[in-house]
Protein chains: 2
Amino acid sequence: METGQRVLVVDDETSIRRYLHAALTAQGFNVYEAADGGEALNAVLAHRPELIILDLGLPDMDGIEVTRRLREWSQTPIIILSVREAEQDKIAALDAGADDYLTKPFGTGELLARMRVVQRRQVTGLNEPVFSTGNLRVDFSRRLVKVDEKEIQLTPTEYDILRILVMHAGKVLTHRQLLRQVWGDGYDDMHILRVNISNLRAKLEPDPARPTYIHTEAGVGYRLKV
Amino acid sequence: METGQRVLVVDDETSIRRYLHAALTAQGFNVYEAADGGEALNAVLAHRPELIILDLGLPDMDGIEVTRRLREWSQTPIIILSVREAEQDKIAALDAGADDYLTKPFGTGELLARMRVVQRRQVTGLNEPVFSTGNLRVDFSRRLVKVDEKEIQLTPTEYDILRILVMHAGKVLTHRQLLRQVWGDGYDDMHILRVNISNLRAKLEPDPARPTYIHTEAGVGYRLKV
DNA sequence: TGGTTTCTTGACGCTTTCTTGACACCCTGC
DNA sequence: GCAGGGTGTCAAGAAAGCGTCAAGAAACCA
């Protein structure tokens with residue numbers, strides 16, 4: 001199976017690697033393993049993981065050094081695992097480019113939650129309570145949508161779709177991304193998305209047949225014009 | 001003083017607010033304060049902080065609830081501070097949209113380091129990897145292709161081909177490599193590649209008969225000029 | 001509970017995109 | 001000149017993707 005997200009686990013202890021392998025595979029990840037820093041760097045090149053879980057104490061190279069080297073060309077999120085609790089170690093690792101730092105022993109649930117955080121952060125968006133483009137205005141703090149100064153009534157689903165689109169305004173959102181963010185995981189029914197986009201356009205667009213706000217990227221997804 | 005980054009500190013204990021205020025001001029931040037959830041939401045609207053430091057135990061509203069409400073329209077990074085060490089609390093907060101979770105007592109150095117992490121991610125997310133040669137511009141984060149500042153509409157296949165070419169700009173890509181990366185293994189039909197290259201050139205090149213961007217290496221493959 | 005809104009699903013027609021075949025072209029060598 | 005491999009262009013049919021309508025199911029709200 002090649003569907004899951006790729007995660008690289010770097011630790012010199014076989015038992016920990018095996019444990020994480022099992023835990024992450026159960027969550028649907030594709031897990032790769034490396035036992036030292038050199039192996040880790042090669043594995044990143046070979047497998048292009050979307051996330052790296054890295055132990056600080058490696059036989060050949062310090063985990064901080066691995067982080068620094070990776071950051072020379074890669075932005076892949078790195079979560080550090082370590083037995084070292086000293087604040088100086090944490091600061092050094094985070095400033096070297098790590099995205100998070102957990103001290104062993106750690107809870108699997110917390111690790112997974114923090115993995116979700118760094119991955120969520122990968123997609124960036126706008127940051128204004130009020131968004132507007134053309135004659136479309138969306139006030140998130142009041143949950144209000146206006147076109148030509150006229151208030152538009154949206155259903156929860158429609159509002160959700162619009163919210164996601166606005167938060168990534170200008171960027172193409174794939175069908176999958178929209179489905180996952182609006183309907184949750186496990187949805188892959190494009191049709192339901194098409195219907196809702198259609199309804200949304202019927203409410204927003206002056207001429208729904210020639211959309212000016214919600215643009216279709218055929219075969220890929222949708223994009224909100226900016 | 002309007003130069004520093006704006007940080008909102010939300011905590012019901014005056015002593016902690018005062019302490020963080022001093023520590024962060026010393027680092028050059030502009031610090032705003034709120035004592036409960038309602039105040040916090042208003043303060044975000046009023047001051048547009050770039051970062052929020054939020055205590056979980058608030059008198060009027062749970063910190064997780066504040067996080068959830070903020071996340072309905074704001075992407076501003078949130079770092080949770082809490083005395084609660086239970087894994088369930090951490091997971092709930094992180095999944096509600098928080099970016100980090102520190103348990104009190106915490107080291108000021110670690111807090112500052114973690115603030116740097118979330119802000120670093122914020123910035124790196126914004127600077128988009130854009131490729132350009134001559135009058136051709138490819139913005140991968142937006143899946144946008146421009147020639148002479150004019151937006152070009154590409155089909156998924158065309159975009160894929162261009163993406164592969166750009167990723168190896170300057171180098172010759174053999175027919176086989178392109179076929180495999182765009183159509184997957186088991187494809188060896190050069191004709192389909194030629195047709196798609198032709199269509200791509202028709203959209204990109206000023207004079208498709210004399211291509212300036214996508215160069216043909218006879219008998220070998222194609223190369224993107226840099 | 002009944003009535004209303006909202007969501008989901010299916011059917012259908014339309015548009016875009018992909019693939020394939022036909023053919024002209026440009027070299028190079030004979 | 002002409003044969004032949006590699007290449008570029010055009011057009012047409014096939015396939016996939018998309019938008020709309022409508023009806024039933026589900027959720028919501030007095």
Side-chain angles (χ1 to χ4, degrees), chain A residues 143 145 151-165 172-224, chain B residues 143 145 151-165 172-224:
Chain A
R143 203 187 180 283
V145 181
E151 200 171 314
I152 304 288
Q153 204 73 5
L154 294 186
T155 71
T157 310
E158 287 160 3
Y159 183 81
D160 268 352
I161 295 174
L162 183 60
R163 203 187 81 241
I164 309 290
L165 284 171
V172 176
L173 277 161
T174 64
H175 302 122
R176 185 175 303 272
Q177 285 177 310
L178 276 165
L179 281 167
R180 283 232 308 233
Q181 296 211 46
V182 176
W183 280 271
D185 274 331
Y187 260 84
D188 60 342
D189 179 12
M190 314 254 150
H191 186 48
I192 199 173
L193 178 60
R194 279 203 290 276
V195 173
N196 278 281
I197 289 278
S198 175
N199 292 337
L200 193 48
R201 289 211 263 232
K203 292 184 181 179
L204 300 183
E205 302 278 0
D207 178 9
R210 298 175 170 275
T212 55
Y213 299 125
I214 302 174
H215 201 258
T216 301
E217 298 285 333
V220 186
Y222 296 92
R223 166 176 32 205
L224 193 76
Chain B
R143 200 186 180 278
V145 180
E151 206 170 305
I152 305 288
Q153 203 77 0
L154 294 186
T155 71
T157 312
E158 288 159 3
Y159 184 82
D160 267 353
I161 296 174
L162 183 60
R163 204 188 80 242
I164 309 289
L165 285 171
V172 178
L173 276 161
T174 65
H175 301 123
R176 184 173 304 272
Q177 284 176 309
L178 275 166
L179 280 166
R180 283 239 298 249
Q181 296 216 48
V182 176
W183 279 271
D185 275 331
Y187 259 83
D188 61 342
D189 179 13
M190 312 259 151
H191 185 47
I192 201 173
L193 177 60
R194 279 202 292 275
V195 173
N196 276 283
I197 289 277
S198 173
N199 292 337
L200 192 49
R201 289 210 262 231
K203 291 184 180 178
L204 299 184
E205 302 279 0
D207 177 10
R210 298 174 171 275
T212 56
Y213 300 125
I214 302 175
H215 201 258
T216 302
E217 298 287 333
V220 187
Y222 297 92
R223 180 166 51 95
L224 192 75

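Convention: sequence-line order gives letters A, B, ...; per-chain numbering from 1.
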For [N], does OP1 or OP2 lie under 4.0 Å from any side-chain N or O of [X]?
| X | N | result |
| --- | --- | --- |
| B:Thr157 | C:dT17 | no |
| B:Arg201 | D:dG8 | yes |
| A:His191 | D:dG17 | no |
| A:Thr155 | C:dT5 | no |
| A:Thr216 | D:dG19 | yes |

Give the rounded distance in Å between these two atoms: [atom1] of [X] and [atom2] of [N].
| X | N | atom1 | atom2 | result |
| --- | --- | --- | --- | --- |
| B:Gln153 | C:dC18 | CD | P | 12 Å |
| A:Met190 | C:dT9 | CE | C1' | 16 Å |
| B:Glu158 | C:dT16 | CD | P | 14 Å |
| B:Glu217 | C:dC26 | CD | P | 20 Å |
| B:Trp183 | C:dT19 | CH2 | C1' | 10 Å |
| A:Glu205 | D:dC18 | CD | P | 17 Å |

Any donor-acceptor pair under 3.5 Å from B:Arg223 side chain to B:Glu217 backbone |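 No, B:Arg223 side chain to B:Glu217 backbone: no donor-acceptor pair under 3.5 Å.
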
Select base, sugar-phosphate, or nothing to describe what B:Asn199 touches, counting heavy atoms under 4.0 Å on all strands.
->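 No contact.
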
Determine the contact category for B:Tyr222: base if any of its heavy atoms lies under 4.0 Å from a base atom, sugar-phosphate if only primed atoms, P, OP1 or OP2 are that close, otherwise nothing.
->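 Counting heavy atoms under 4.0 Å across all strands, the contact made by B:Tyr222 is with sugar-phosphate only.
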
Side chain proximity check, A:Ile164 to A:Arg180, heavy atoms < 4.5 angstrom |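 A:Ile164 does not reach A:Arg180 side chain to side chain.
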
Minimum side-chain heavy-atom gap A:Leu162-A:Leu204 below 4.5 Å |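 Yes, side chains in contact.
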
